[in-house]
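Report on the structure given below.
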Amino acid sequence: MALSASDVAAMYSLLSNSMSADHRLRGPAEDALAQSESRPGFCSCLLEVITAKDLASQTDVRMMATVYFKNSVNRYWRHRRDSSGISNEEKMHLRQKLLMYSREENDQIALMLAVLISKIARIDYPKEWPDIFLVLSQQLQSANVLASHRIFLILFRTLKELSTKRLTSDQRNFAEISSHFFDYSWRLWQSDVQTILHGFSSLSRSCNLNAEDQPHELYLTCERWLLCSKIVRQLIISGFQSDSKCFQEVRPVKEVSPVLLSAIQSLLPYYSSFQKQYPKFWDFVKRACTKLMKILVAFQGRHPYSFGDKFVLSSVLDFCLNRITDPEPYLLSFEQFLIQCMVMIKNILECKEYKPSLTGRVMDENGVTLELMKKNISSAVGGVLTSLLPTERIVHLCNVLISRYFVLTASDLEEWYRNPESFHHEQDMVQWTEKLRPCAEALYIVLFETNSQLLGPVVVSLLQESMNNCPTPVTEITPALLLKDAAYGATAYVYYELSNYLSFKDWFNGALSLELSNEHPNLRIIHRKVAVILGQWVSEIKDDTKRPVYCALIRLLQGKDLSVRLAACRSLCLHIEDANFSEREFVDLLPICWDSCFKLFEEVQEFDSKVQILNLISILIGHVSEVIPFANKLVQFFQKVWEESSGESLLQIQLLVALRNFVVALGYQSPICYNILLPILENGIDINSPDELNLLEDSMLLWEATLSHAPSMVPQLLQYFSRLVEIMERNFDHLQVAVNIIEDYIILGGNNFLSMHATNIAKILDLVIGNVNDKGILSVLPVVDILIQKLIVICLSGGDDHDPSKTSVKASSAAILARLLVMNTNSLAQLASDPSTSQLLQTASIPVQENILLCLVDIWVDKVDNVSSIQKKTIGLALSIILTLRLPQVLDKLDQILSVCTSVILGRNDDLTEEESSGDISSSTSPDEGTIPSKEFRKRQIKFSDRINQLSLEDCVRENLQTCAAIHGESFNAAMSSMHPSAFAQLKQALKMT
């Protein structure tokens with residue numbers, strides 16, 4: 001039954017009770033709300049609760065109503081088969097009422113309502129809700145500041161939602177919105193910025209306002225204007241195709257960008273003047289200036305050619321360069337703004353559209369190619385960049401980045417001393433756009449890459465000057481020492497270019513070694529940077545310097561400061577992974593390196609530190625040959641790490657990688673770590689484990705490595721195979737690794753494994769074949785190949801004379817091999833002659849004196865009476881194919897081959913099994929039209945379409961006898977004449993020979 005206005009009070013009570021701390025009230029209320037969700041009128045009742053004036057103070061209840069409303073829209077707004085959904089009439093009512101309610105005073109509820117409207121618009125615009133933007137625009141004409149702010153919030157959220165739709169028709173719709181709505185939005189933006197600047201000017205002249213007296217209406221205007229800025233950005237970014245693809249000028253970029261820059265320049269002075277007296281407006285100025293710079297960055301990235309106009313690019317780039325190189329004193333604390341200025345410069349320097357183009361040709365007298373257009377634009381932009389970035393300015397920018405932004409501040413040093421681990425990871429792993437120093441470093445690297453010949457000597461000169469101004473014996477933390485640290489960093493980041501201007505060997509043997517010999521605590525600043533340098537310059541470290549560098553890094557790894565030790569840890573990873581790593585120079589350092597790693601792991605507290613150390617240990621294991629002497633220590637370490645890593649799946653993943661390398665390094669001695677390895681492996685391959693999603697992939701790789709390097713099968717590993725069936729039943733994400741695991745099991749476990757898990761192998765192959773693409777099937781075929789080799793071993797092994805079950809296995813295996821020979825003669829012949837097959841037989845102690853196919857002849861002859869009728873025919877066909885081999889030994893077996901073929905042909909009519917005599921598959925057992933065939937019926941279809949059924953054994957024997965006669969000539973005739981007369985008579989009868 002539908003809900004109506006009379007149910008609003010009850011709905012309010014349910015919402016209120018659903019937030020009660022008393023579970024006796026909360027449980028029934030939540031159940032009742034869940035049952036009401038799909039009832040007509042539910043959303044309408046919720047909206048009445050949200051918009052009721054007498055409930056304005058009940059923020060928590062109204063907020064809960066918006067949550068249920070949003071969930072209902074997600075679940076029921078689209079028509080679904082399993083529910084009636086929300087009727088068209090109710091949808092129309094909700095859309096109208098939502099747009100009319102634009103004076104919500106609570107910010108959180110206003111935001112939720114804006115999100116709600118955007119979700120509905122994503123589904124209904126433009127077909128069901130074509131007038132949403134027209135209605136909102138009309139409401140803006142008469143709205144007060146609060147209402148207009150809420151309308152802008154709705155507009156922004158809706159445009160943002162619609163801009164994410166990717167269908168061509170949806171993008172055309174958004175482009176149409178932009179064409180109609182941009183001019184209106186831009187005029188409002190320009191009007192509001194004038195109002196804001198006028199208001200700020202008045203505030204700055206007023207000295208008697210307290211923070212509490214800051215004009216609320218002006219603040220709402222500021223927030224509305226900021227929303228309008230985001231809307232303008234969305235319209236320009238998503239409303240126009242990128243000009244780098246269409247080569248069409250985006251006029252709004254050229255119109256808007258200079259005005260945005262002017263607004264930034266007008267707002268920036270208030271950053272310092274408002275900080276103490278008007279903190280709310282000071283916060284707005286911070287957000288506004290940063291947001292406007294981000295918008296300019298977005299314009300440049302989306303529409304580089306339009307942004308490359310000389311009036312836009314030159315003014316923006318010049319402004320950003322000046323803010324970085326010669327900032328007003330108050331700007332030095334405005335890090336987020338400076339970061340965006342650096343991002344802008346970096347993006348411009350890196351922009352591929354601004355690089356000189358080598359292509360471009362005239363198509364005809366009147367038209368030019370797009371490549372030539374691009375070349376012309378790039379050339380024009382290049383001219384602007386050259387004029388804005390002359391040699392002197394590039395050098396100045398480089399010097400400023402190093403000497404001002406690379407230098408550690410007092411707060412940096414305080415953080416380092418307070419928490420060296422955290423400091424290390426912030427310097428080493430933070431996103432470059434989040435902090436000022438990493439951003440300056442990223443800009444410096446790009447600047448150097450584009451001007452390496454110019455800046456190489458400059459950086460080396462700065463390095464030498466800083467070293468002269470702060471000699472090694474200096475231990476006091478002075479500006480000179482901090483500048484030397486910055487210069488060391490600048491040298492580390494661009495090692496690949498600076499190697500042309502700086503000899504690492506001379507630098508290391510001279511200054512760097514002396515730096516490391518000074519153990520004063522303050523020198524940790526320099527020691528950390530030296531550790532970074534030793535890692536970054538790894539490719540330039542030649543053989544005669546490797547040993548002292550390795551020793552230096554080990555000493556740093558043993559130091560007292562965790563930040564220095566972690567930096568050394570990272571650099572050691574780079575050295576050990578280097579293609580030119582010298583194990584000979586490092587081998588005697590291994591004991592102290594292991595111990596230092598174990599000790600460091602115990603001392604660190606942060607997760608990232610543990611992962612980094614474990615990564616070094618894993619790399620060490622994978623790259624050095626001397627692992628076995630340290631195996632016991634490593635086993636104890638891994639045991640401790642596993643026990644402490646519960647719930648830390650990323651750390652456990654790193655441990656699994658290390659264990660895999662450990663198993664590979666131990667080789668056939670890997671069982672010495674099974675006590676820790678097997679429980680960890682068992683946990684990792686359990687699909688019901690809580691961490692399965694994170695650990696399964698690496699656990700399977702460890703599983704594969706364990707089997708590949710096991711000297712023999714152990715019971716625990718044998719039992720684990722059933723887990724592979726569970727993994728493959730769920731999906732084929734790890735198919736290739738699974739195939740490798742199956743191969744390892746077959747090779748390692750042999751007959752014992754096959755007898756225990758034959759059914760599981762069949763399950764896996766049945767799952768894969770027909771359910772994966774060609775690549776997946778190809779990955780499985782090696783397993784089939786190995787299984788066939790195993791079948792050959794089974795057939796040629798003895799010991800079945802007094803064991804009926806072994807006789808059945810051998811007979812069935814022989815029949816499968818016979819089928820393979822019939823269906824693909826070359827394949828089985830190649831496999832039989834493959835050296836790996838002979839090796840497998842030798843391993844199983846099976847002597848083979850002749851061709852393997854001829855050995856199989858004896859098995860087929862011996863076991864033909866132990867198989868079904870269709871298998872007898874298959875064996876007969878296989879034996880007839882043997883007649884075509886160009887081997888003289890075939891004639892020795894001619895009598896036996898023909899005897900079997902004769903008995904199969906003559907006994908065929910009397911030896912049909914019940915299944916084969918059950919009639920045509922289209923008989924009464926066939927499914928009715930429109931029904932799904934049963935599994936048994938499909939199996940029968942496959943069997944009756946079997947090529948073996950379609951081949952004539954008589955014809956095959958007759959044809960292959962003729963081939964055999966042609967091959968062997970008189971020897972064939974002699975062999976035939978030696979046949980017993982009765983046998984020859986039966987052969988003639990079977991082949992219908994006169």
Closest heavy-atom contact between [X] and [Y]?
X      : Y      : value
Leu136 : Ile151 : O-CG2, 3.8 Å
Lys254 : Pro258 : O-CD, 3.1 Å
Leu218 : Thr195 : CD1-O, 4.3 Å
Ile525 : Ile477 : CD1-CD1, 3.9 Å

Taking the side chain as C-beta and beyond, is there a heavy-atom pair between [X] and [Y] under 4.5 Å?
X      : Y      : result
Val259 : Trp189 : yes
Trp225 : Leu188 : no
Cys398 : Tyr444 : yes
Val256 : Phe182 : yes
Phe200 : Phe274 : yes
Leu566 : His425 : yes
Met342 : Leu436 : yes
Leu349 : Leu385 : no

Exercise for review: Would you kindly check if the NZ (Lys) or CZ (Arg) of Lys276 is within the cone defined by 45 degrees around the ring axis of Trp282 and under 6.0 Å from the six-membered ring centre?
Suggested key: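 Ring-cation test returns no.
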Check your understanding: In a check of ring pair (Phe, Tyr, Trp, His ring centres under 6.0 Å) between Tyr488 and each of Phe406, Trp537, Trp507, which one passes?
Key ->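 In the set Phe406, Trp537, Trp507, the residue that makes a ring pair (Phe, Tyr, Trp, His ring centres under 6.0 Å) with Tyr488 is Trp507.
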Determine whether the side chains of [X] and [Y] contain a donor N or O and an acceptor N or O closer than 3.5 Å.
X      : Y      : value
Asp192 : Thr221 : no
Trp186 : Glu255 : yes
Tyr496 : Glu449 : yes
Arg205 : Ser201 : yes
Glu441 : Tyr493 : yes
Glu223 : Tyr219 : yes
His303 : Glu249 : no
Thr409 : Asp412 : yes

Exercise for review: Begin with the C-alpha distance, continue with both residues' side-chain angles, and end with the deciding distance and a verdict on side-chain contact (heavy atoms from CB on, under 4.5 Å) for Gln300 and Met344.
Suggested key: CA-CA 8 Å; Gln300 190 279 327; Met344 174 64 82; 4.3 Å; yes
Rounded at 0.5 Å granularity, tell me how far [atom1] in [X] sits from [atom2] in [Y].
X      : Y      : atom1 : atom2 : value
Lys529 : Ile533 : NZ    : CD1   : 7.5 Å
Ser178 : Ile236 : OG    : CD1   : 8.5 Å
Asp243 : Arg251 : CG    : CZ    : 14.0 Å
Glu434 : Gln336 : CD    : CD    : 9.0 Å

Considering only NZ, NE, NH1 and NH2 on the basic side and carboxylate oxygens on the acidic side, decide whether [X] and [Y] come within less than 4.0 Å.
X      : Y      : answer
Arg323 : Glu328 : yes
Lys484 : Glu515 : yes
Arg287 : Asp283 : yes
Arg393 : Asp318 : yes

Looking at [X] and [Y], would you say the former's side chain and the latter's main chain have a donor-acceptor pair under 3.5 Å?
X      : Y      : value
Asn468 : Gln464 : yes
Tyr405 : Ile324 : yes
Thr325 : Leu321 : yes
Arg302 : Phe240 : yes
Thr545 : Ile541 : no
Ser315 : Phe311 : yes
Asn469 : Glu465 : yes
Ser179 : Glu176 : yes

Name each donor-acceptor pair under 3.5 Å that joins a side chain in residues 155-163 to protein atoms two or more places apart or in another chain, with its distance.
from: Thr158; atom 1: OG1; to: Ile154; atom 2: O; distance (Å): 2.7
from: Glu161; atom 1: OE2; to: Arg122; atom 2: NH1; distance (Å): 3.2
from: Ser163; atom 1: OG; to: Leu159; atom 2: O; distance (Å): 3.4
from: Ser163; atom 1: OG; to: Lys160; atom 2: O; distance (Å): 2.7
from: Ser163; atom 1: OG; to: Gln234; atom 2: NE2; distance (Å): 3.0

Exercise for review: For ring pair (Phe, Tyr, Trp, His ring centres under 6.0 Å), just list the numbers for Phe284 and Phe281, CA-CA rounded to whole Å, side-chain angles, deciding distance to a tenth of an Å, and then say yes or no.
Suggested key: CA-CA 5 Å; Phe284 163 78; Phe281 287 112; 7.3 Å; no
Practice item. List the steps and the verdict of ring pair (Phe, Tyr, Trp, His ring centres under 6.0 Å) for Phe334 and Tyr271. Key: CA-CA 8 Å; Phe334 196 175; Tyr271 176 80; 4.3 Å; yes
Exercise for review: Check the pair Leu408 / Arg437 against side-chain contact (heavy atoms from CB on, under 4.5 Å), numbers first and verdict last.
Suggested key: CA-CA 9 Å; Leu408 294 173; Arg437 185 181 301 103; 3.5 Å; yes
How would you list, by chain and number, every residue that makes a side chain to side chain contact (heavy atoms under 4.5 Å, CB included) with [X], sequence neighbours excluded?
X      : value
Ser244 : Ser242, Pro304, Tyr305, Glu353
Asn500 : none
Ser461 : none
Ala175 : none

Exercise for review: Applying side-chain contact (heavy atoms from CB on, under 4.5 Å), run through Leu235 and Val232 and close with a yes or a no.
Suggested key: CA-CA 5 Å; Leu235 293 173; Val232 169; 5.5 Å; no
Exercise for review: Give every residue pair that meets the salt bridge (charged side-chain N to carboxylate O under 4.0 Å, His left out) criterion with at least one member in residues 487-496, sequence neighbours excluded.
Suggested key: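 Sorted pair list comes back empty.
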Check your understanding: NZ of Lys505: more than 12 outside heavy atoms within 6.0 angstrom?
Key ->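 Open: at most 12 neighbouring heavy atoms sit under 6.0 Å from NZ of Lys505.
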Review point. Is the count of non-hydrogen atoms from other residues, nucleotides or ligands lying under 6.0 Å from His198 atom NE2 greater than 12?
Key: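 Count not over threshold, so no.
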Practice item. Tell me, with the steps shown, if Leu572 and Leu534 meet side-chain contact (heavy atoms from CB on, under 4.5 Å). Key: CA-CA 9 Å; Leu572 271 171; Leu534 297 184; over 6 Å; no
Practice item. Classify the angle between the aromatic ring planes of Phe508 and Phe504 as parallel (below 30°), tilted (30 to 60°) or perpendicular (above 60°). Key: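 Rings of Phe508 and Phe504: parallel, under 30°.
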